[in-house]
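Below is one structure, written out as structure tokens; comments come after it.
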Amino acid sequence: MPQVTVFDHPLMQHKISFLRDVNTGSKQFRELTGEIAALMGFEALRDLPLEEVEITTPIATAKVRRLAGRKIVLVPVLRAGLGMVGGLLSLVPSARVGHIGLYRDDETLEPHAYYCKLPAHMEDRQILVLDPMLATGGSAAAAVDFIKAHGGRKIKFLSIIAAPEGLERLRTAHPDIDIFCGCLDERLNEAGYIVPGLGDAGDRIFGTK
Ligand code: PRP
Ligand code: URA
């Protein structure tokens, strides 16, 4: 049964509080985004399949468990999702990384696609879609559309801050995926920004404003 997980861990709350702060500069913002992504990934990957293998320790032979199946795929939604990739790769260094390029029209708030490159064999892989902001949910739903069109089935969506409107839209469009949010905020404002949110995640990560 697909689930929505909103993190209540104190470390998550602490780190997100600095992410929100207007006085946090790009260097610290990037570092925090990676750390939060790793904390989220640790929980999101708790049901990865394992297989038993036999190894030899310096003392004896032992049956141990290792990750089974094809490599995981991380799919950051450009640009801001790129900020989460390093944190996830610190957990799963051999993961494949696909990219989906979407930008949100300032007026209509609808997503526009400009890039999509995904690994082969998407149908067999655990896929984590990464985007720190789930606002109207248009970008998230479109990213998952692309992944499904490429055969992806085992999909989890990780966002650091979500608005109720975006969560609802993503759940309605894709009721079969698990969604992980670091924090669920109050609402969207008239410009489509999350309140209280953290502003424009891409600009804060890349220092473009
Ligand atoms: C931001 C964010 C999400 C999107 C969320 O990207 O990273 O992708 O907005 O908004 P939505 O839920 O209303 O679709 P943006 O379009 O600003 O592009 P950028 O990361 O390249 O700045
Ligand atoms: N995209 C962002 O980066 N921030 C918001 O608050 C909404 C969309």
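In listed order, ligands and their atoms are each counted from 1. Any value given below was found using the heavy atoms of this structure, including those in side chains, with hydrogens, waters and symmetry copies removed.
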Looking at atom 22 (O) of ligand 1, what's its closest protein heavy atom, distance included? R79 NH2, 2.9 Å
Hydrophobic clusters here meaning ILVMFWY residues chained together by side-chain heavy-atom distances under 4.5 Å, can you tell me if I177 and L158 are in one? no
Quick one: does R104 get an N or O within less than 3.5 Å of an N or O on ligand 1? yes
Can you report which non-hydrogen protein atom sits closest to atom 8 (O) of ligand 1, along with the distance? D131 OD2, 2.4 Å
Atom 13 (O) of ligand 1 has as its nearest protein heavy atom T136 OG1, 2.6 Å
Heavy-atom pair with the smallest gap, counting every atom of L102 and P111: CD2-CB, 4.5 Å
Determine, for R79 against D203, whether the closest basic-nitrogen to carboxylate-oxygen distance falls under 4.0 angstrom. yes
NZ/NE/NH1/NH2 to OD/OE distance under 4.0 Å, D178 and K154: no
Just jot down the ligand 2 atoms closer than 4.0 angstrom to any heavy atom of A135, in number order. 7 (C), 8 (C)
Please could you name the atoms of ligand 2 that G192 approaches to less than 4.0 Å, counting only its heavy atoms? 7 (C)
Keeping R204 on the side-chain end and L198 on the backbone end, is there a donor-acceptor pair under 3.5 Å? yes
Report the nearest protein non-hydrogen atom to atom 17 (O) of ligand 1: residue, atom name, distance rounded to 0.1 Å. D200 OD2, 4.0 Å
Nearest protein heavy-atom contact for atom 18 (O) of ligand 1: which residue, which atom, what distance? L102 O, 4.0 Å
Determine, counting only non-hydrogen atoms of the protein, whether one lies under 4.0 angstrom from atom 1 (C) of ligand 1. no
I need the atoms of ligand 1 closer than 4.0 Å to a non-hydrogen atom of A80, numbered in the order shown. 7 (O), 20 (O)
On a heavy-atom basis, which atom in M40 and which in F7 lie closest, and how many Å separate them? CA-CZ, 3.6 Å
Candidate with minimal heavy-atom separation from atom 4 (N) of ligand 2, of G197, G199, G202: G199
Those atoms of ligand 2 less than 4.0 Å from some heavy atom in R104: 7 (C), 8 (C)
What protein heavy atom is closest to atom 14 (O) of ligand 1, reported as residue, atom name and distance in Å? S139 OG, 2.6 Å
For a quick test of reading the model, state the closest non-hydrogen atom pair linking N189 to R187 and the distance between them. CA-NH1, 4.0 Å
Does ligand 1 come near enough to G137 that some N or O of the ligand is less than 3.5 Å from an N or O of the residue? yes
For ligand 1, which atoms, with element, lie under 4.0 Å from some heavy atom of Y103? 16 (O)
Heavy-atom closest pair (A191 atom, L109 atom, distance to 0.1 Å) is O-CD2, 3.6 Å
Salt-bridge criterion met for D176 and K148 (N-O under 4.0 Å): yes
Heavy-atom nearest neighbour in the protein, as seen from atom 6 (O) of ligand 2, with distance rounded to 0.1 Å: I194 N, 2.8 Å
Is L109 in polar range of ligand 1, meaning some N or O pair under 3.5 Å apart? no
Compute the shortest N/O to N/O distance between A201 and ligand 2 and return yes if it is under 3.5 Å, no if not. yes
A80 near ligand 2, heavy-atom distance under 4.0 Å? no
Measuring from the heavy atoms of R204, does anything fall under 4.0 Å of ligand 2? no
Walk me through whether E123 and R153 qualify under salt bridge (Lys or Arg N to Asp or Glu O under 4.0 Å). CA-CA 6 Å; E123 60 283 0; R153 292 177 295 113; over 6 Å; no
For atom 6 (O) of ligand 1, decide whether some protein heavy-atom distance is shorter than 4.0 Å. no
N or O contact, A135 vs ligand 1, cut-off under 3.5 Å: yes
Donor-acceptor under 3.5 Å (R104 side chain, G138 main chain): no
Note: E31-K27 ion pair, threshold 4.0 Å (strictly below): yes
Quick check against the 3.5 Å criterion: does T24 have a side-chain atom that pairs as donor or acceptor with the backbone of F18? yes
Nearest non-hydrogen partners of L11 and H9, listed with the distance: N-ND1, 3.0 Å
For ligand 1, the portion of A201 having any non-hydrogen atom under 4.0 Å away: neither
min-distance protein heavy atom vs atom 5 (C) of ligand 2 -> Y193 CD2, 3.4 Å
